[in-house]
Amino acid sequence: MTKNDFLKPKIAASILAADFGHMADQARQAQDAGAEWLHLDVMDGHFVPNISFGPDMVAALRKAVTIPLDVHLMISHPDRYARAFVEAGADNLTVHLEAPHNVDKTISLIRGMGCKCGLAINPATLADKALPYLREIDLMLVMTVNPGFGGQNFMVDCLEKVRVFREAINRDVIPCELEVDGGVNLDTIGPSARAGANVFVCGTSIFRQNIRESVTALRQKLA
């Protein structure tokens, strides 16, 4: 993958906001509308105050779409479950810096299985805590809401962390995607891109209205 591939804007449609009764169909609609990735938020009710789904859902959606599955583990002890999600079909597997686990070992475990590895930080976590890992990962995820529930308001202050990561990635020519997740919509996707993000997790802004029209409108904000 070239440097330009890591700079290319990508919309990651967050399936958590879809109709769970029509999950596969809506995933295909997002893919057909032009979303580059499908984002899957895995929540365990411990690390975050909500429960979503597990490896079986990843496996089902792997059969439904051909675009990369961007799996975000908002769970405690992600090292214990990483293999199950990779085997289910995750293309990117992101773990939280704040979760209880040995971050270096978990990153090595995931990449050792041939899967791309991402590292996520919550709004309260300083960018400095994650900067030392940039060369070890394939994706840096900046949460722009407190994780656990969809539909929250975008926290503008988090964009300063995006700028910090973008500066470090560009300065050291690190092949790392830079992703924002939480409250990304028509009003916030542009500022996120200008701050330096190139992957945009969009949930309610895609699945709570016409999917094709929503992806098109979001894409236009990135033009």
Side-chain angles (χ1 to χ4, degrees), residues 8-20 23 26-27 29-30 33-45 47-53 68-75 92 94-99 118-127 129-130 139-166 177-223:
K8 180 183 177 182
K10 303 175 181 70
I11 292 176
S14 180
I15 202 69
L16 186 67
D19 180 344
F20 275 31
M23 190 80 80
Q26 293 201 344
Q29 288 182 52
E36 283 84 4
W37 291 359
L38 192 68
H39 185 86
L40 292 83
D41 284 317
V42 177
M43 299 182 286
D44 63 357
F47 182 66
V48 294
N50 199 359
I51 298 173
S52 58
F53 41 72
L69 299 185
D70 181 33
V71 180
H72 178 190
L73 299 184
M74 291 184 277
I75 65 176
N92 307 318
T94 296
V95 298
H96 268 264
L97 179 64
E98 304 90 354
L119 185 65
I121 58 171
N122 289 335
T125 301
L126 299 176
K129 299 290 186 181
L139 179 147
M140 184 69 230
L141 170 54
V142 177
M143 292 299 301
T144 44
V145 299
N146 289 309
F149 294 92
Q152 298 181 61
N153 291 329
F154 186 92
M155 300 172 71
V156 178
D157 290 350
C158 294
L159 290 182
E160 182 54 35
K161 287 189 280 189
V162 176
R163 296 184 187 97
V164 170
F165 288 125
R166 174 51 62 196
E177 308 268 11
L178 184 50
E179 184 175 50
V180 287
D181 180 3
V184 180
N185 56 35
L186 291 175
D187 295 324
T188 58
I189 193 169
S192 297
R194 290 190 289 274
N198 74 291
V199 183
F200 310 91
V201 177
C202 303
T204 56
S205 58
I206 288 178
F207 291 106
R208 299 299 167 85
Q209 45 269 311
N210 183 283
I211 294 172
R212 180 172 295 277
E213 291 177 359
S214 299
V215 173
T216 298
L218 288 162
R219 178 82 57 207
Q220 290 172 346
K221 293 290 184 176
L222 297 172

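When reading the values below, keep in mind they use all heavy atoms of this one structure, side chains included, and skip hydrogens, waters and symmetry mates.
Considering NZ of Lys221 and OG1 of Thr188, their distance stands at 10.5 Å, rounded to 0.5 Å. Residue Asn92 holds its CG atom at 10.0 Å from NE2 of His39, rounded to the nearest 0.5 Å. In this structure, the separation between CZ on Phe165 and CE on Met140 is 4.0 Å, given to the nearest 0.5 Å. Put simply, CG on Leu38 and OG on Ser14 are 8.0 Å apart, with the number rounded to the nearest 0.5 Å. We find the CG-CG distance between Leu73 and Asp44 to be 9.5 Å, quoted to the nearest 0.5 Å. Taken from CG in Asn185 to CZ in Phe200, the straight-line distance is 12.5 Å, to the nearest 0.5 Å.
Annotation: side chain to side chain contact (heavy atoms under 4.5 Å, CB included) contacts of Gln26 (sequence neighbours excluded): Ala18, Asp19, His22, Gln29, Phe207, Ile211. Scored by the side chain to side chain contact (heavy atoms under 4.5 Å, CB included) test, Arg194 finds Pro191 as partners (sequence neighbours excluded). Under the rule for a side chain to side chain donor-acceptor pair (under 3.5 Å), Arg208 has no partner lying at least two apart in sequence or in another chain. Ile51 pairs by the side chain to side chain contact (heavy atoms under 4.5 Å, CB included) definition with nothing, not counting sequence neighbours. Ala217 pairs by the side chain to side chain contact (heavy atoms under 4.5 Å, CB included) definition with Leu186, not counting sequence neighbours. With sequence neighbours excluded, the residues that form a side chain to side chain donor-acceptor pair (under 3.5 Å) with Thr125 are Glu98. Ser52 meets the side chain to side chain donor-acceptor pair (under 3.5 Å) test with no other residue; sequence neighbours excluded. Every residue two or more places apart in sequence or in another chain was checked for a side chain to side chain donor-acceptor pair (under 3.5 Å) with Ser214, and none qualifies. His96 meets the ring pair (Phe, Tyr, Trp, His ring centres under 6.0 Å) test with Phe47, His72; sequence neighbours excluded.
Residues Leu222 and Ile189 form a side-chain contact, since some pair of their non-hydrogen atoms from C-beta on lies under 4.5 Å apart. You'll find the side chain of Arg163 stays beyond 4.5 Å of the side chain of Arg166, heavy atoms only.
The nearest pair of heavy atoms linking Phe154 to Gly182 is CD1-O, 3.2 Å. Across all their heavy atoms, Lys129 and Leu97 have their closest contact at CB-CD2, 3.7 Å. Listed here is the closest heavy atom pair of Val199 and Glu177: CG2-OE1, 3.6 Å. Contact record, Val215 with Ile11: O-CD1, 4.0 Å, taken as the closest heavy-atom pair. Between Ile121 and Ala127, the closest heavy-atom pair is CD1-CA, 4.3 Å. Residues Val180 and Ala197 come closest through the heavy atom pair CG1-CB, 3.9 Å.
In this structure, Thr94 contributes its side chain and Leu141 its backbone to no donor-acceptor pair below 3.5 Å. Side chain of Thr144 to backbone of Asp181: a donor-acceptor contact under 3.5 angstrom is found. No donor-acceptor distance shorter than 3.5 angstrom exists from the side chain of Asp41 to the backbone of Leu16, with no hydrogens or angles considered. No side-chain donor-acceptor contact under 3.5 Å links Ser205 to the backbone of Cys202.
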Exercise for review: Would you check, one step at a time, whether the test side chain to side chain contact (heavy atoms under 4.5 Å, CB included) holds for Glu179 with Asp70?
Suggested key: CA-CA 11 Å; Glu179 184 175 50; Asp70 181 33; 2.6 Å; yes

Exercise for review: Dump the intermediate steps for side chain to side chain contact (heavy atoms under 4.5 Å, CB included) on Phe53 and Ile15, then the final yes or no.
Suggested key: CA-CA 11 Å; Phe53 41 72; Ile15 202 69; 3.9 Å; yes

**Study point:** Verdict with supporting geometry, Met155 and Asn153, side chain to side chain contact (heavy atoms under 4.5 Å, CB included)
**Key:** CA-CA 6 Å; Met155 300 172 71; Asn153 291 329; over 6 Å; no

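Pairs engaging residues 210-220 under the salt bridge (Lys or Arg N to Asp or Glu O under 4.0 Å) rule: Glu36-Arg219 [sequence neighbours left out].
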